[in-house]
Amino acid sequence: MSTAAAYAVSAPDGRFEKLAIERRELGPHDVLIDVKYAGICHSDIHTARDEWGGTRYPCVPGHEIAGLVAAVGSAVTKHQVGDRVGVGCMVDSCGECEACLAGEEQYCVPGNTMTYNGKVSPQTQAGGYTLGGYSTQVVVTEGFVLSIPEGIGLDEAAPLLCAGVTLFSPLRHWNAGPGKRVAIIGMGGLGHVGVKIAAAMGAEVTVLSHSLSKQEDGKRFGAHHYYATGDRQTFRGLRSRFDLIINTVSADLPIDDYMKLLALDGTLVILGLPENPLSVKPFTLAGYRRSLSGSMIGGIAQTQEMLNFCAEHGIGAEIELISADRIDEAYDRVVASDVRYRFVIDAATI
Ligand code: NAP
Ligand code: ZN
């Protein structure tokens, strides 16, 4: 066991406080990582505030982790001390089910182990659940530790470990590329990385944001078109326009209105995860053979593919670096959509 410093919240309405936590002894396949940066994902907020239910406290969120390898277990072959590495939303999976064998560990049938608030044995983590990246060190089995290529700063790479792959995976799955009209709803942490990746894949990219206040940034990230969803004319003018619509919004949306913007055989993919059910009219689906789907992060191999793609295309997240004592303030600003475009905690301040 080793001790690390972390920032934890102790109740749904609590404030973040510094806490000493235990990290497990290195097993043969384990990697000890000195965390340098941890991104703040909206899922951290949903969890810390128990908006999905089932949060165990004290809760240390953080699944956008970038750092350097500090030590490796005796059987580790994938990483060496000093390597630039990242950890995303998962730290383990069964490795044997259909999904894991297909490299889609995010859909592990018995259930993967999430980086925080994930069930583990008390030997793995005191308390029986995982503690995430808002901390100075983490221990993760080598198969779930990604390599961060040279050419991306560790700070701008951290958000790619969740936001990056969450967008990359559906863009690849639904073949975003030249000739495809892709719309991204919400240009926050996920959305802004999605704009960059979709544009780099060669798709025609449209942002659907609630106002035009971030339009110039959207164009700079590679969007070809930008519309305000607060303007009803947007919905009339864009009817049946898109092959693929990706919804990154963290709040409830009138999803049927957005479904009508899909062209024949188009798909709307849900990434944003507010807790309430969606409502879609059968006529909206049947009319143009439209599909409604969803997508959850991405597998480990695809996460590495995404990091390599981003390095090759010069893509990093746009970040605002904060000290750990400002996490509460950052959460409030994310919820108010006042983030440009991802808060990242400087782990040196933990
Ligand atoms: P974020 O940075 O807060 O971005 C969400 C964006 O949604 C905002 O920037 C805003 O964009 C828009 N928005 C927010 N509230 C809105 C409202 N009331 N009405 C209309 N638009 C609103 O959050 P994020 O970190 O990107 O995460 C987004 C969601 O994805 C969260 O629910 C998170 O839990 C989920 N998530 C899912 C996965 C997955 O694997 N499926 C992975 C990570 C995160 P505009 O200002 O441009 O309108
Ligand atoms: Zn996330």
Side-chain angles (χ1 to χ4, degrees), residues 38-52 55 61-65 86-90 104-107 112 114-118 132-134 158-171 173 183-196 206-218 221 223 226-231 234 246-255 257-258 269-276 278 293-299 302-303 306 317-320 330-344:
I40 294 180
C41 175
H42 207 118
S43 300
D44 299 356
I45 303 174
H46 291 308
T47 307
R49 297 184 173 175
D50 201 21
E51 290 168 2
W52 292 330
T55 301
H63 60 205
E64 295 185 337
I65 303 169
V87 177
C89 300
M90 304 176 281
E104 306 264 29
E105 301 87 352
Q106 72 277 31
Y107 305 120
N112 55 45
M114 302 304 276
T115 304
Y116 59 81
N117 202 45
Y134 297 4
L160 300 178
L161 274 302
C162 171
V165 72
T166 298
L167 273 292
F168 186 86
S169 185
L171 287 167
H173 185 79
I184 293 179
I185 314 173
M187 202 175 73
L190 262 56
H192 91 286
V193 181
V195 171
K196 291 185 178 196
T206 298
V207 176
L208 302 173
S209 180
H210 54 297
S211 77
L212 294 180
S213 64
K214 298 180 275 192
Q215 179 167 218
E216 273 177 34
D217 288 346
F221 303 153
Y226 202 103
Y227 294 94
T229 53
D231 178 354
T234 294
I246 297 192
N247 174 25
T248 75
V249 173
S250 48
D252 297 327
L253 282 189
I255 210 70
D257 292 350
Y258 289 88
V269 182
I270 299 291
L271 300 182
L273 300 169
E275 66 270 41
N276 297 317
L278 301 167
S293 193
S295 183
M296 192 63 88
I297 50 174
Q302 196 170 45
T303 305
M306 175 277 307
E318 307 283 313
I319 64 162
E320 189 174 329
Y331 273 31
D332 290 339
R333 283 184 53 197
V334 171
V335 172
S337 296
D338 176 23
V339 53
R340 300 289 185 277
Y341 282 86
R342 196 57 134 187
F343 287 109
V344 172

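As the structure lists them, so they are numbered: ligands from 1, and atoms in each ligand from 1. Values below: all heavy atoms of this structure, side chains included; hydrogens, waters and symmetry mates excluded.
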Heavy atom under 4.0 Å from ligand 1: found in Cys89's side chain, backbone, both, or neither? neither
Using the salt bridge (charged side-chain N to carboxylate O under 4.0 Å, His left out) rule, pick out the option among Arg340, Arg342, Arg333 that qualifies with Glu320. Arg333
Quick note on ligand 1: atoms under 4.0 Å from a heavy atom of Ile297 include exactly 39 (C), 40 (O)
So which heavy atom in the protein is nearest atom 4 (O) of ligand 1, and how far is it from that ligand atom? Gly188 CA, 3.4 Å
Donor-acceptor contact below 3.5 Å, side chain His173 vs main chain Ser169: no
Students should be able to answer this: which protein heavy-atom is nearest to atom 37 (C) of ligand 1, and at what distance? Leu271 O, 2.9 Å
Tell me whether Ala251 has any N or O atom under 3.5 angstrom from an N or O of ligand 1. no
Between Thr248 (side chain) and Ile185 (backbone), is there a donor-acceptor pair under 3.5 Å? yes
Any side-chain heavy-atom pair from Pro159 and Phe343 closer than 4.5 angstrom? no
Rounded to the nearest 0.5 Å, the CD atom of Gln106 sits from the CE atom of Met114 at a distance of 9.5 Å
Identify the closest protein heavy atom to atom 3 (O) of ligand 1: which residue and atom is it, and at what distance? His42 ND1, 2.7 Å
Side chain, backbone, both or neither: which part of Arg342 has a heavy atom under 4.0 Å from ligand 1? side chain
Counting heavy atoms only, name the option from Val207, Leu190, Asp252, Asp338 that's nearest to atom 26 (O) of ligand 1. Leu190
Tyr107 and Asn112 side chains, donor-acceptor separation under 3.5 Å: no
Quick one: look at Leu273 and ligand 1, take heavy-atom pairs under 4.0 Å, and tell me if it's side chain, backbone, both or neither. both
Please check if any side-chain donor atom of Asp44 sits under 3.5 Å from a side-chain acceptor atom of Tyr134, or the reverse. yes
Atoms of ligand 1, numbered as shown, that sit under 4.0 Å from any heavy atom of Cys162: 42 (C), 43 (C)
Got an N/O contact under 3.5 Å between Ser295 and ligand 1? yes
Decide yes or no for Leu273 and Trp52: does some side-chain heavy atom of the first lie under 4.5 Å from some side-chain heavy atom of the second? yes
Can you check the number of protein N/O/S atoms within less than 2.8 Å of the Zn ion (ligand 2)? 3
Over all heavy atoms of both residues, which pair between Met187 and Asp217 is shortest? Give the atoms and the distance, please. CE-CB, 4.2 Å
Tell me, please, which residues at least two apart from Asp50 pass side-chain contact (heavy atoms from CB on, under 4.5 Å). Pro12, Thr55, Tyr57
Return yes when Trp52 approaches ligand 1 closer than 4.0 angstrom through a heavy atom, no otherwise. yes
Residue, atom name and distance, where the atom is the protein heavy atom closest to atom 46 (O) of ligand 1: Lys214 NZ, 2.7 Å
For ligand 1, note which part of Ser43 has a heavy atom under 4.0 Å away: side chain, backbone, both or neither. both
Can an N or O of Met187 be found at a distance shorter than 3.5 Å from an N or O of ligand 1? yes
Show me which atoms of ligand 1 lie under 4.0 Å from any heavy atom of Gly189. 1 (P), 2 (O), 4 (O), 26 (O)
Of all the non-hydrogen atoms in the protein, which one sits nearest to atom 39 (C) of ligand 1, and at what distance? Thr166 CG2, 3.5 Å
Ligand 1 to Cys41 polar contact by distance, N or O atoms, under 3.5 Å: no
Between Asp332 and Arg49, does a salt bridge (charged side-chain N to carboxylate O under 4.0 Å, His left out) hold up when you go through it step by step? CA-CA 12 Å; Asp332 290 339; Arg49 297 184 173 175; 3.0 Å; yes
In this structure, atom 28 (C) of ligand 1 is nearest to the protein heavy atom Thr248 O, 2.9 Å
Give the residue and atom name of whichever protein heavy atom lies nearest to atom 8 (C) of ligand 1, and the separation in Å to one decimal. Ser337 OG, 3.7 Å
Any idea which protein heavy atom is nearest atom 12 (C) of ligand 1, and the distance to it? Val249 CG2, 3.9 Å
